[in-house]
Amino acid sequence: MGAISQEQPLFQKLFYLFGVLFVFLLGLKLMTVSFETFGSDATKVLIAEYTGNPFIALFIGMFATALTQSSSLTTSVVVGLVATGQFDDISAAVPVIIGANIGTSVTSTIVSLGHIKNVQEFRKAISAATLHDFFNLLVTIILLPMEIAFGMLSKSALFVYGAFFTEPAIHIEQVKMSFNPVSSPLKFFAHHILEFSNGYIALLLAFVLLFLSLKYLSIILKNIFIGSGKQKFEEKLFGSRMKSLFWGIGLTAAVQSSSITTSLTVPLVATNVVTIQKIFPFLLGANIGTTVTALISSSATPNKASVSIALCHLIYNVLGVVLFMSIPFFQRTAIYMSESLGKLVLKRRWYGFAYIATVFFIIPAILIALGK
């Protein structure tokens with residue numbers, strides 16, 4: 001693999017690329033599945049018990065998702081609890097959904113650590129990964145106060161439900177694919193690895209697969225996407241803001257995992273295949289695409305409350321995308337913040353680890369404990 005060269009035929013390079021890409025995605029899925037075994041029960045307890053304070057609920061959603069590496073799990077649990085009446089009002093569940101949106105971005109940030117040996121790649125990788133973090137944080141700062149003060153998201157969701165749904169709600173599960181060509185094989189292998197080991201061994205193996213695959217992925221990407229190859233790739237996926245946005249929506253909806261699609265952008269930026277400015281609309285699209293999971297979950301117990309909270313998730317992300325696509329200041333702010341963090345890791349690489357531990361685990365855990 002290390003001997004790949006520019007003289008090799010394109011089909012051979014693509015064969016290497018897809019092979020390494022599969023190993024990378026398997027490591028990503030195995031990491032998610034391993035974290036879920038540690039935190040799924042804790043997630044259900046956290047969400048069910050602490051929902052009175054909207055700010056604590058926000059950090060519960062964030063912490064639970066970071067703990068399990070799965071916003072799908074968090075949003076599905078919330079939808080289930082709303083459907084069974086364990087939330088007094090859907091507005092109480094909205095901050096948990098918003099927190100899950102922030103927490104899910106930790107996966108791509110962890111992936112960026114795979115570039116830590118090459119400090120220049122690491123700077124770009126962590127900038128690309130944390131761009132998603134800062135986008136979600138900034139949208140939360142704008143929209144959460146409006147939900148708390150006016151119930152903007154929850155009331156909008158109830159309005160949409162009343163306008164487009166009837167009792168019983170449309171069963172979205174009818175359009176869910178029973179076999180997903182990307183997710184299904186990854187889940188199959190990840191769960192079988194977990195069965196024949198334990199959560200700790202599987203998690204260790206996941207990191208080994210991730211870091212090794214990222215090493216070779218960087219080599220292959222640099223070799224394939226040079227000159228005209230790079231320009232053609234950029235034009236196909238990131239040629240315009242709207243094209244990039246819709247690719248983000250479509251690919252994420254297809255694989256039902258924003259963790260996969262956003263994590264894939266990290267090595268692309270780290271190896272100079274695309275710029276951080278080019279991937280920004282793609283990340284925005286991924287935020288919309290990931291709402292498919294909550295909509296599908298709501299169809300399992302289709303009632304006004306469960307469908308409405310899933311619609312809250314969709315409306316929140318759509319409004320966030322509209323804000324950032326229409327007001328350049330917000331986009332520039334998020335890019336500035338992510339690039340500033342990237343410059344910091346040039347001085348001290350351990351800042352990357354400190355950022356992940358502090359933002360996604362330590363601060364939320366402390367605030368949740370104080371809020372009991």
Side-chain angles (χ1 to χ4, degrees), residues 47 51 54 57-58 61 65 71-102 104 135-136 138-177 242 245-246 248-250 252-254 256 258 281 283-327 330:
I47 295 172
T51 56
L58 172 76
T65 304
S71 63
S72 298
L73 175 64
T74 306
T75 53
S76 297
V77 169
V78 171
V79 167
L81 292 173
V82 168
T84 55
Q86 294 188 50
F87 284 87
D88 295 333
D89 187 275
I90 70 162
S91 61
V94 172
V96 183
I97 293 288
I98 294 175
N101 244 41
I102 302 172
T104 193
F135 161 70
N136 283 320
L138 288 170
V139 173
T140 300
I141 291 170
I142 297 167
L143 296 184
L144 181 60
M146 298 178 74
E147 168 61 22
I148 294 171
F150 309 111
M152 183 186 72
L153 298 172
S154 50
K155 288 178 180 177
S156 298
L158 290 170
F159 173 79
V160 172
Y161 179 89
F164 295 100
F165 293 85
T166 58
E167 296 285 358
I170 293 172
H171 281 254
I172 303 168
E173 61 189 353
Q174 292 172 355
V175 299
K176 184 182 179 182
M177 291 188 297
M242 295 308 295
L245 175 72
F246 283 110
I249 295 172
T252 305
Q256 291 183 30
S258 61
L283 296 177
L284 300 185
N287 260 36
I288 295 176
T290 196
T291 61
V292 168
T293 304
L295 289 168
I296 290 171
S297 297
S298 70
S299 70
T301 49
N303 60 32
K304 183 177 182 179
S306 63
V307 175
S308 295
I309 192 64
L311 288 170
C312 277
H313 192 203
L314 174 62
I315 292 168
Y316 169 81
N317 280 302
V318 169
L319 286 175
V321 169
V322 170
L323 281 171
F324 275 72
M325 291 289 281
S326 58
I327 305 176
F330 291 138

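Between G61 and T74, the shortest heavy-atom distance links the atoms O-CG2, 4.2 Å. Scanning both residues, F330 and F324, for their nearest heavy atoms gives O-CE2, 3.2 Å. For the residue pair L158 and S308, the shortest heavy atom distance occurs at CD2-OG, 3.4 Å.
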Residues E147, S91; criterion side chain to side chain donor-acceptor pair (under 3.5 Å); working and verdict
CA-CA 8 Å; E147 168 61 22; S91 61; 4.9 Å; no
Would you sort out whether I98 and L143 count as a side chain to side chain contact (heavy atoms under 4.5 Å, CB included), showing the intermediate values?
CA-CA 9 Å; I98 294 175; L143 296 184; 5.6 Å; no
Please walk me through it: do T290 and T104 pass side chain to side chain contact (heavy atoms under 4.5 Å, CB included)?
CA-CA 10 Å; T290 196; T104 193; 5.9 Å; no
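Note that the CG atom of L311 and the CD1 atom of I90 stand 8.5 Å from one another [nearest 0.5 Å]. For the atom pair T140 OG1 and L58 CG, the distance stands at 6.0 Å (nearest 0.5 Å). For the atom pair CG of L314 and CG of L319, the computed distance is 9.0 Å after rounding to the nearest 0.5 Å. Separating the CZ atom in F246 from the CG atom in L284 is a distance of 12.0 Å, to the nearest 0.5 Å.
With sequence neighbours excluded, no residue forms a ring pair (Phe, Tyr, Trp, His ring centres under 6.0 Å) with Y316.
With a 4.5 Å cut-off on side-chain heavy atoms, V321 and L245 count as touching. Taking the side chain as every heavy atom from C-beta outward, C312 and I97 never approach each other to under 4.5 Å.
Partner H313 forms a side-chain contact (heavy atoms from CB on, under 4.5 Å) with one of L153, V318, N101 and no other, that one being N101.
Judged purely by atom type and a 3.5 angstrom limit, T291 uses its side chain to pair as donor or acceptor with the backbone of I288. Panel note: side chain N287, backbone N317; no donor-acceptor pair is recorded below 3.5 Å.
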